[in-house]
Every structure is written in C-alpha cells, then in structure tokens.
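A quick write-up on the structure given underneath.
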Amino acid sequence: MSDNPLAYLLDRFATDAITLRARTDLLAGKPAPEHGPDGNASREMAEACELVIAMLKDLEQLSDDDLLEALDALGPELHALSERAPNDFVRSVYAGAATRIEQVVRRARGDDDEDESGEADDE
C-alpha cells in the first residue's frame with residue numbers, strides 16, 4: 001500500500017471503475033452472465049466507484065491529520081449510500097469502500113495489525 005492513504009484509495013477505486021467499465025463493454029448486448037453482475041449492474045458499480053473517487057478528491061487539500069478524520073467521516077455516508085443503492089452489487093461497492101477506507105485509516109494510524117490480505121502479522 002502507498003504511504004499516502006488518499007493516493008492509495010484513489011488508485012484503488014479508479015482501477016475498480018476501469019475494470020467495471022471494461023466489463024460493461026464486454027457484456028454489452030450479451031445475455032446476463034450466470035454469476036456476477038450483468039452489464040447494467042457493472043456500469044452502476046463503476047458509477048458508484050466514480051462517486052467514491054469524487055468524495056475522496058474533495059479531501060485532497062486537507063492536512064494528513066485532517067485527512068484521516070475526514071476519511072473516518074466518510075464511513076457513515078458510504079453506509080447510507082449502501083442502504084439506498086438500487087441493487088446488491090452497488091450496495092457492495094459502497095459497503096466495501098467504507099470497509100477499505102476504515103482499514104486504510106487504521107493502518108495509517110498504526111492501529112491495524114493485519115496485513116493487506118487481512119491476515120494478522122506475526123511480528
């Protein structure tokens with residue numbers, strides 16, 4: 001993970017949005033897949049990632065200390081978006097974003113004893 005929590009999060013959600021847009025294009029005009037989101041759900045998920053990116057970009061001018069507080073404050077907003085989302089796939093984007101941001105903040109504060117894979121460090 002990058003030493004800059006905001007840069008890491010922006011990159012992470014931008015990559016997800018790009019991947020979901022590619023999936024949208026791949027599934028255009030094809031029947032819904034048996035598993036996973038169809039083209040429309042993939043597009044809505046990409047849009048959700050892009051909304052998370054916009055929320056994060058609003059924080060770019062903050063100092064490091066203020067940034068972590070502002071990132072913490074995004075959690076309830078993202079959970080509320082998740083509750084109002086049109087489908088389970090989009091709900092998972094917002095809920096996953098809230099969880100990822102919480103993990104990044106804990107790690108930046110030195111409060112997280114788990115590595116990127118979610119497994120506890122043995123150090």
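- Heavy atoms of other residues, nucleotides or ligands lying less than 6.0 angstrom from CD of Q61 number 12 at most.
- To the nearest 0.5 angstrom, L67 atom CG is 7.5 Å from N4 atom CG.
- In terms of heavy atoms, L81 sits closest to M55 at CD1-SD, 4.2 Å.
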Enumerate donor-acceptor pairs with a distance under 3.5 Å from any side-chain N or O in residues 26-36 to protein atoms, sequence neighbours excluded.
| from | atom 1 | to | atom 2 | distance (Å) |
| --- | --- | --- | --- | --- |
| K30 | NZ | L26 | O | 3.4 |

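- In this structure, CD on E50 lies 4.0 Å from CZ on R21, to the nearest 0.5 angstrom.
- Both L71 and L62 belong to a single network of hydrophobic side chains, linked directly or stepwise wherever heavy atoms of I, L, V, M, F, W or Y lie under 4.5 Å apart.
- Here the straight-line distance linking atom CE of M45 with atom OG1 of T24 works out to 9.0 Å at 0.5 Å rounding.
- R43 CZ to D38 CG: the interatomic distance, rounded to the nearest 0.5 Å, is 9.5 Å.
- Considering all non-hydrogen atoms of both residues, R23 and P37 come closest at NH2-O, 2.6 Å.
- Within the model, atoms OH of Y8 and CZ of F13 stand 8.0 Å from one another, a figure rounded to the nearest 0.5 Å.
- Of all heavy-atom pairs spanning L74 and L59, the tightest one is CD1-CD1, 3.9 Å.
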Worksheet item: Checking side-chain contact (heavy atoms from CB on, under 4.5 Å) for the pair L68/D64: CA distance, chi angles, key distance, verdict?
Response: CA-CA 6 Å; L68 294 180; D64 289 344; 6.0 Å; no
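- The nearest pair of heavy atoms linking R100 to L9 is CG-CD2, 3.8 Å.
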Fill in: Working for side-chain contact (heavy atoms from CB on, under 4.5 Å), residues Q103 and R107
CA-CA 6 Å; Q103 291 170 339; R107 175 159 279 193; over 6 Å; no
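- Each salt bridge (Lys or Arg N to Asp or Glu O under 4.0 Å) pair with one or both residues in residues 69-95, not counting sequence neighbours, appears once here: E69-R109, D72-R109, D88-R91.
- D16 and C49 make their closest contact through CB-SG, 3.7 Å (heavy atoms, listed as atom of the first residue, atom of the second, distance).
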Worksheet item: How far apart are the C-alpha atoms of V104 and R12, what are their side-chain angles, what is the distance that settles it, and do they pass the side-chain contact (heavy atoms from CB on, under 4.5 Å) test?
Response: CA-CA 11 Å; V104 167; R12 169 101 184 203; over 6 Å; no
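- The distance from atom CG of L51 to atom CG of L56, rounded to the nearest 0.5 Å, is 9.5 Å.
- Residues V90 and N87 share a closest heavy-atom pair of N-OD1, 2.8 Å.
- A donor-acceptor pair under 3.5 Å is formed between the side chain of T15 and the backbone N or O of D11.
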